[in-house]
Each structure stands twice: as C-alpha cells, then as structure tokens.
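Beneath this line is the structure, given in structure tokens, with notes to follow.
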Amino acid sequence: QVQLVEAGGRWVQAGDSLRLSCAVSGRTFSSYTMGWFRQVSGKEREFVAGVTSDTGNTHYSDSVKGRFTISRDNAKNTVYLQMNSLKPEDTAVYYCAASTDSVVHTTRLLYRYWGQGTQVTVSS
C-alpha cells in the first residue's frame, strides 16, 4: 500500500514563498513519476508540476512556470514543490500524486496514488 502525505500548506501573502512536501511510503518511491496538482472548490483538479522517476526531468504548467520548482529526494522518499512569488490565484488545495509511468502526465487520471491535500491560501 502506497501512502502519500502532503505538508506545508498555510496562509501567506502575495509575493511570499512556500515549500510543500510530500512524503511517500514504500520502498519503490524512486520508480514513481511524481506530480503536483491543485484544485479550487467547484473546479477541475489541474496539473501544476511533475518530475520523472528516472531522469528527473520536470514539466510545469504555464501558470506556474518560472515561479514554482518541483524536486525529489529519493533517499527521503519525498517530493517538494517550491513556490515563489505567490499570487492570490495560486490559492487551492494542493495534492501530490504518483504515477508508475516514466513520463510526466498532465492528466490526473493517469496517476495511481494520491495524497489527502494541503491548503494553500494566498492573500492579496
């Protein structure tokens, strides 16, 4: 059973930085491609960033490119999302997800495992 636990979400002001983390249980973390998604109540869950299992290649949505950075520490079974220059429109519940594929998918249906989410609120 694979479990994902996000942490780090909180209330911040516009322009602030925040780092989210996602700890993954299990001994096969390094084999998973990891993604971060976010969801605003009443809207679809949208892709934010992803990092592949093998090469560590990253992919970002246009809305966060240049501001957010995804990284992973396979020794700690953890994936991070560094968020800089936060905007009110970044307010959402942020979820991490794990895929058994070797490429980053932007479609949530292709991720097998999900965390419970962490709330990020950015005030103007």
Side-chain angles (χ1 to χ4, degrees):
Q1 183 73 13
V2 178
Q3 291 186 323
L4 288 70
V5 179
E6 302 97 334
R10 61 183 176 90
W11 180 91
V12 295
Q13 290 189 324
D16 284 353
S17 296
L18 196 61
R19 190 177 79 158
L20 305 182
S21 63
C22 174
V24 182
S25 66
R27 293 175 291 179
T28 58
F29 171 76
S30 61
S31 68
Y32 294 127
T33 287
M34 300 299 299
W36 284 97
F37 287 73
R38 65 187 182 186
Q39 187 171 21
V40 176
S41 180
K43 294 189 176 181
E44 291 288 319
R45 191 170 299 186
E46 65 171 2
F47 172 81
V48 174
V51 57
T52 60
S53 56
D54 48 1
T55 61
N57 287 338
T58 57
H59 181 65
Y60 299 91
S61 68
D62 288 342
S63 61
V64 307
K65 195 174 296 181
R67 299 189 298 122
F68 290 11
T69 302
I70 187 172
S71 62
R72 63 189 299 157
D73 186 338
N74 289 340
K76 295 183 178 180
N77 281 18
T78 301
V79 62
Y80 303 96
L81 185 67
Q82 177 67 43
M83 304 186 293
N84 299 330
S85 302
L86 282 161
K87 304 175 181 180
E89 50 264 43
D90 294 319
T91 295
V93 177
Y94 283 72
Y95 297 89
C96 71
S99 167
T100 55
D101 290 341
S102 60
V103 297
V104 173
H105 295 296
T106 60
T107 304
R108 65 182 181 88
L109 294 177
L110 296 178
Y111 287 80
R112 183 174 182 181
Y113 304 105
W114 290 85
Q116 82 289 348
T118 186
Q119 175 71 47
V120 173
T121 303
V122 185
S123 176
S124 60

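- Rounding to the nearest 0.5 Å places NE2 of His59 at 11.5 Å from NE2 of His105.
- A single hydrophobic cluster is not seen to contain both Val24 and Tyr95; linkage of ILVMFWY side chains at heavy-atom distances under 4.5 Å, directly or through other members, places them apart.
- Cluster membership for Leu18 and Tyr60, using ILVMFWY side-chain heavy atoms within less than 4.5 angstrom, is shared.
- Taking SG from Cys96 and CD from Gln116, the interatomic distance works out to 8.0 Å, rounded to the nearest 0.5 Å.
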Worksheet item: Step by step, would you call Val2 with Arg112 a side chain to side chain contact (heavy atoms under 4.5 Å, CB included)?
Response: CA-CA 10 Å; Val2 178; Arg112 183 174 182 181; over 6 Å; no
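- A distance of 7.5 Å separates CH2 of Trp36 from OG1 of Thr118, quoted to the nearest 0.5 Å.
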Item to complete: Report the C-alpha distance between Leu20 and Met83 in whole Å, list the side-chain angles of each, state the deciding distance to 0.1 Å, and finish with yes or no for side chain to side chain contact (heavy atoms under 4.5 Å, CB included).
Response: CA-CA 8 Å; Leu20 305 182; Met83 304 186 293; 3.7 Å; yes
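- Without hydrogens or angle criteria, Arg72 side chain to Phe29 main chain gives a donor-acceptor distance under 3.5 Å.
- In this structure, the side chain of Asp16 does not engage the main chain of Leu86 through any donor-acceptor pair within 3.5 Å.
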Discussion item. Go through it in stages, so that I can follow the logic: the residues are Arg67 and Asp90, the test is side chain to side chain contact (heavy atoms under 4.5 Å, CB included), and I'd like the CA-CA distance, side-chain angles, deciding distance and then a yes or no.
Written reply: CA-CA 11 Å; Arg67 299 189 298 122; Asp90 294 319; 2.8 Å; yes
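- A donor-acceptor contact shorter than 3.5 Å links the side chain of Ser99 to the backbone of Asp101.
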Practice prompt. Run the numbers on Phe47 and Val104 for side chain to side chain contact (heavy atoms under 4.5 Å, CB included), then give the verdict.
Written response: CA-CA 10 Å; Phe47 172 81; Val104 173; 3.7 Å; yes
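- Between the side chain of Thr52 and the backbone N or O of Asn57 there is at least one donor-acceptor pair closer than 3.5 Å.
- Other residues, nucleotides and ligands place no more than 12 heavy atoms under 6.0 Å from the NZ atom of Lys43.
- The shortest distance between side-chain heavy atoms of Arg38 and Ser63 falls below 4.5 Å.
- Remark: Arg19 qualifies as a cation-pi partner of Tyr80 under the 6.0 Å distance and 45° angle criteria applied to the six-membered ring.
- The backbone N or O of Thr78 lies less than 3.5 Å from no partner atom in the side chain of Asp73, so there is not a single donor-acceptor pair.
- To the nearest 0.5 Å, the span separating OG on Ser30 from CG on Asn77 amounts to 8.0 Å.
- Atoms OG1 and OH, from Thr100 and Tyr111 in turn, are 11.0 Å apart once rounded to the nearest 0.5 Å.
- Trp114 and Val93 fall within a single hydrophobic cluster, where Ile, Leu, Val, Met, Phe, Trp and Tyr are joined by side-chain heavy atoms under 4.5 Å apart, directly or via other members.
- Closest non-hydrogen pair, Asn84 versus Ser17, comes out as OD1-OG, 2.9 Å.
- Between the CG atom in Asn74 and the CE atom in Met34 there is a gap of 10.0 Å [rounded to 0.5 Å].
- Put simply, Leu110 and Val79 are part of two different groups of oily side chains (I, L, V, M, F, W, Y) that touch within less than 4.5 Å, one to the next.
- A pairwise comparison of heavy atoms in Ala14 and Ser124 identifies CB-CA, 4.3 Å as the closest pair.
- With hydrogens and angles ignored, the 3.5 Å screen pairs a side-chain donor or acceptor of Ser25 with a backbone N or O of Gln3.
- Note on Tyr32 and Ile70: same hydrophobic cluster, where clusters join Ile, Leu, Val, Met, Phe, Trp and Tyr whose side-chain heavy atoms are under 4.5 Å apart, directly or indirectly.
- The main-chain N or O of Val122 is found under 3.5 Å from a side-chain atom of Thr91 such that the two form a donor-acceptor pair.
- Put simply, the side chain of Glu6 never gets that close to the backbone of Cys22: no donor and acceptor are under 3.5 Å apart.
- Ring-plane geometry between Tyr94 and Phe68 is classed as tilted, the angle between the planes lying from 30 to 60 degrees on a 0 to 90 degree scale.
- Of all heavy-atom pairs between Gly9 and Val120, the closest is CA-CG2, 4.0 Å.
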